[in-house]
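Worth knowing before you read on, the calculation uses all heavy atoms, side chains too, and leaves out hydrogens, waters and symmetry mates. Throughout, protein chains are lettered first and strands after them, A, B, ... in sequence-line order, and every chain is numbered starting at 1.
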Amino acid sequence: MDKKLYITTAIPYVNGTPHIGHALDYLLADIWARYQKQNGHEVRFQVGTDEHGNKIAAQAAEAGLDPKSYTDKMYVNFETLMKKVDASYTDFIRTTDEHHIKAVQYIWQKLQPYIYKGTYQGWYCVGCEAFVTDKEATANNGICPDHNQPYQHLSEDNYYFKTSEFTDRIKEAIASGTMEIVPDFRKKEFLELIKDGLQDVSISRPKKNLSWGVPVPGDLEQVMYVWVDALANYITVLGYPDRQEWQEYWPADVQVIGKDILRFHAGIWPAMLLGLGLSLPKRLLVHGFVNVGGVKQSKTLGNGIDPNEVINHYGVDAFRYFFSRHIPTLDDGDFTWEKFETAYNTELANDLGNVVQRVASMLTRYQSGVIGDAPQGEHDMGAYHEAMEALEFNKAIDEVWLMVRSLNQYLENVKPWEIAKTVGKDAESEPHLTEVLAYAVGALLQIGDLLVPFLPGTAAKIHQTFETGVVVPTEGVFFPRIYIHTPDPHATKTKV
RNA sequence: CGCGGGGUGGAGCAGUCUGGUCAGCUCGGAUGGCUCAUAACCAUCAGGUCGCAGGUUCAAAUCCUGCCCCCGCAACCA
């Protein structure tokens with residue numbers, strides 16, 4: 001029961017600013033981490049940034065900085081976001097960390113038996129300093145749209161990693177569930193993709209084409225390409241290979257990734273691990289994308305949603321609420337400001353906030369805030385825990401709202417305010433009222449427990465309010481109603 | 001015949017594996033009730049031939065066949 005658990009998130013490339021997708025990564029991992037901690041587990045929770053590569057070098061040059069100074073500036077944006085979504089991470093890794101670089105070079109050497117030198121041929125754009133796929137080259141009629149000049153057919157020396165060698169073992173691990181891919185349709189999709197075998201990947205570039213990266217040990221002319229460098233972070237952050245503690249946490253229990261990077265995490269990464277003689281992660285949680293009004297977010301459309309803005313306006317728990325409940329954990333979801341605000345006002349304010357308020361208010365009013373013996377919440381939460389185990393967080397939090405709803409129905413049924421009127425006239429009334437309100441508090445405390453992984457701040461407030469035996473009023477109401485993007489119903493009424 | 005997902009009341013979804021108890025939930029709308037509460041809450045109603053066409057069956061949203069439409073992915077893209 002006190003086993004040490006480990007969860008990881010994808011490390012974003014720091015060439016841009018964080019968006020909803022990154023926030024979703026941190027949030028999902030955090031929900032899982034808090035849930036496991038609540039159940040008595042020790043949890044290590046990794047986050048980090050990917051900081052090498054040509055794009056970084058180019059942007060740094062543009063900004064008149066050396067690459068390291070540039071990333072020193074950029075990674076902070078991500079760190080800020082992690083803190084802002086209340087991610088309870090324990091380890092932050094940057095691929096430019098000294099220990100990481102050394103560890104990656106060690107890994108490279110250990111993978112030697114599976115590394116060979118080859119030649120990469122393809123269409124290359126001098127302006128982009130990058131190869132493009134044959135398909136892309138054809139689609140653009142052989143001319144780079146960004147630089148308006150023809151691609152050149154070039155070849156360069158690369159080191160390759162024999163992922164192909166591990167195809168069978170990886171297929172087996174995925175099919176048997178040793179390395180489980182959640183949801184199931186992603187597993188099917190990936191197995192289909194690799195049915196003809198994994199293809200070896202190029203894992204280095206000549207130094208002249210890639211200056212900002214980890215040097216390949218034993219070959220001054222070559223620099224590591226992203227794969228080995230970035231993927232290795234999941235173990236180097238634990239101290240691999242020199243600090244023994246890594247063994248207590250690896251293999252990871254869950255690795256949270258977006259659907260776009262499944263193939264790397266289910267193909268190249270396991271191959272690396274097998275090459276190193278390490279276990280595969282137990283589960284990959286593959287989440288989807290967040291659309292905006294049914295449209296994919298993109299830079300060109302400029303329709304991206306800044307998670308910081310959401311949190312600034314509505315608070316972090318509101319953010320966590322919407323993205324955990326209304327964006328399906330394992331599938332694509334849709335965000336609009338109207339949907340967000342409606343969920344906030346109806347579900348957080350009217351349902352949850354209000355029920356806390358009405359119970360607290362009745363206790364204060366009828367019993368001077370004194371709470372009787374609050375019974376253990378007796379709601380059956382089997383469905384909640386099942387959903388949490390299955391990594392379907394949205395279904396778990398749905399269950400909590402069923403409880404909120406049924407508590408409101410309960411109050412409507414027993415009508416404590418009616419009972420209060422007969423106190424003093426009927427000897428039964430006083431104990432009955434106390435019992436009813438104590439029951440309501442028991443239900444609220446249970447709701448609070450179940451909300452700990454999702455809305456840690458709100459859960460704490462609920463506990464503070466009720467757990468001492470006397471109501472401790474919080475400052476202001478929970479989730480005051482906000483009308484920025486939806487019409488205020490009273491405003492229209494008073495106008496008329 | 002590339003792969004995967006999906007088409008259910010105004011909107012967003014569940015139900016399909018294990019046919020009947022399924023036509024369900026939330027939001028929005030209407031009416032009523034209540035007054036402890038953030039003008040909140042509770043109840044009721046409005047009615048969608050469950051993408052289309054066949055088939056199997058006593059019985060199909062649920063199984064089979066064909067077709068139409070939408071969305072992702074298609075390998076070096078973090």
Can you give each donor-acceptor pair under 3.5 Å made by side-chain atoms of residues 381-391 of chain A, sequence neighbours left out, with the distance rounded to 0.1 Å?
from: A:Tyr384; atom 1: OH; to: A:Leu450; atom 2: O; distance (Å): 2.6
from: A:His385; atom 1: ND1; to: A:Tyr35; atom 2: OH; distance (Å): 2.8

- Message: Side chain of A:Glu412, heavy atoms from C-beta onward: which of B:A40, B:C76, B:C36 has the nearest atom to it?
- Response: B:C36
- Message: Please list, in numerical order, the residues of residues 315-335 of chain A that have a heavy atom closer than 4.0 Å to any atom of RNA chain B.
- Response: none
- A:Asp229 and A:His100: side chain donor to acceptor below 3.5 Å: yes
- Item | Any A:Lys421 side-chain nitrogen or oxygen under 4.0 Å from OP1 or OP2 of B:U35 | yes
- Message: Give me the atom names and distance for the closest heavy-atom approach of A:Met82 to A:Val47.
- Response: SD-CG2, 3.4 Å
- C1' spacing across the pair B:C45 / B:G9, given as an integer number of angstrom: 14 Å
- Establish, with yes or no, whether the OP1 or OP2 oxygen of B:A14 is under 4.0 angstrom from a side-chain nitrogen or oxygen of A:Lys395. no
- Item | B:C27 and B:U21, which share atom name P, separated by this distance in whole Å | 26 Å
- Query: Could you state the CH2-P distance from A:Trp417 to B:C36, rounded to the nearest angstrom?
  - Reply: 8 Å
- Electrostatic pair A:Arg358:A:Glu412 at N-O distance under 4.0 angstrom: yes
- Please give, in whole Å, the distance from B:C76 C1' to A:Glu156 CD? 12 Å
- Task: Answer yes or no: does a side-chain N or O of A:Tyr225 lie under 4.0 Å from OP1 or OP2 of B:C77?
- Result: yes
- Tell me whether the OP1 or OP2 atom of B:A37 has a side-chain N or O from A:Arg365 closer than 4.0 Å. yes
- Message: Restricting to non-hydrogen atoms, name the atom on A:Arg481 and the atom on A:Tyr344 that form the minimum distance, rounded to 0.1 Å.
- Response: CA-CE2, 4.2 Å
- Query: How close or far is atom P of B:A37 from atom CG of A:Asn345, stated in whole angstroms?
  - Reply: 20 Å
- Message: Between B:C13 and B:C73, how many Å separate the two C1' atoms, rounded to a whole number?
- Response: 24 Å
- Item | Nearest-nucleotide pick for A:Arg358, side chain only, options being B:G12, B:C36, B:G72 | B:C36
- Item | Same-atom distance (C1') from B:G48 to B:A39, integer angstrom | 33 Å
- Query: Phosphate oxygens OP1/OP2 of B:C76: is one of them under 4.0 Å from a side-chain N or O of A:Arg263?
  - Reply: no
- Item | Side-chain (A:Gln46) to main-chain (A:Asp91) donor-acceptor, under 3.5 angstrom | no
- Task: Measure from CG on A:Asn350 to P on B:C27 and round the result to the nearest Å.
- Result: 9 Å
- Query: Between B:G32 and B:C22, how far is it from one C1' atom to the other, in whole Å?
  - Reply: 28 Å
- Query: Quantified in whole Å, what is the P atom distance between nucleotide B:G6 and nucleotide B:A43?
  - Reply: 33 Å
- Note on the structure: Stem ranges of RNA chain B by first residue number, counting only runs of at least 3 Watson-Crick or G-U pairs under 3.5 Å, come to B:2-7 with B:68-73, B:10-13 with B:24-27, B:29-33 with B:41-45, B:51-55 with B:63-67
- Task: For nucleotides B:C77 and B:G2, find the distance between their P atoms and express it as a whole number of Å.
- Result: 26 Å
- Message: Under 4.0 Å from OP1 or OP2 of B:C41: is there any side-chain N or O of A:Gln357 that close?
- Response: no
- Send over the distance from A:Asn394 CG to B:A14 C1', rounded to a whole Å. 11 Å
- On a whole-Å scale, what distance lies between the P atoms belonging to B:G19 and B:U62? 12 Å
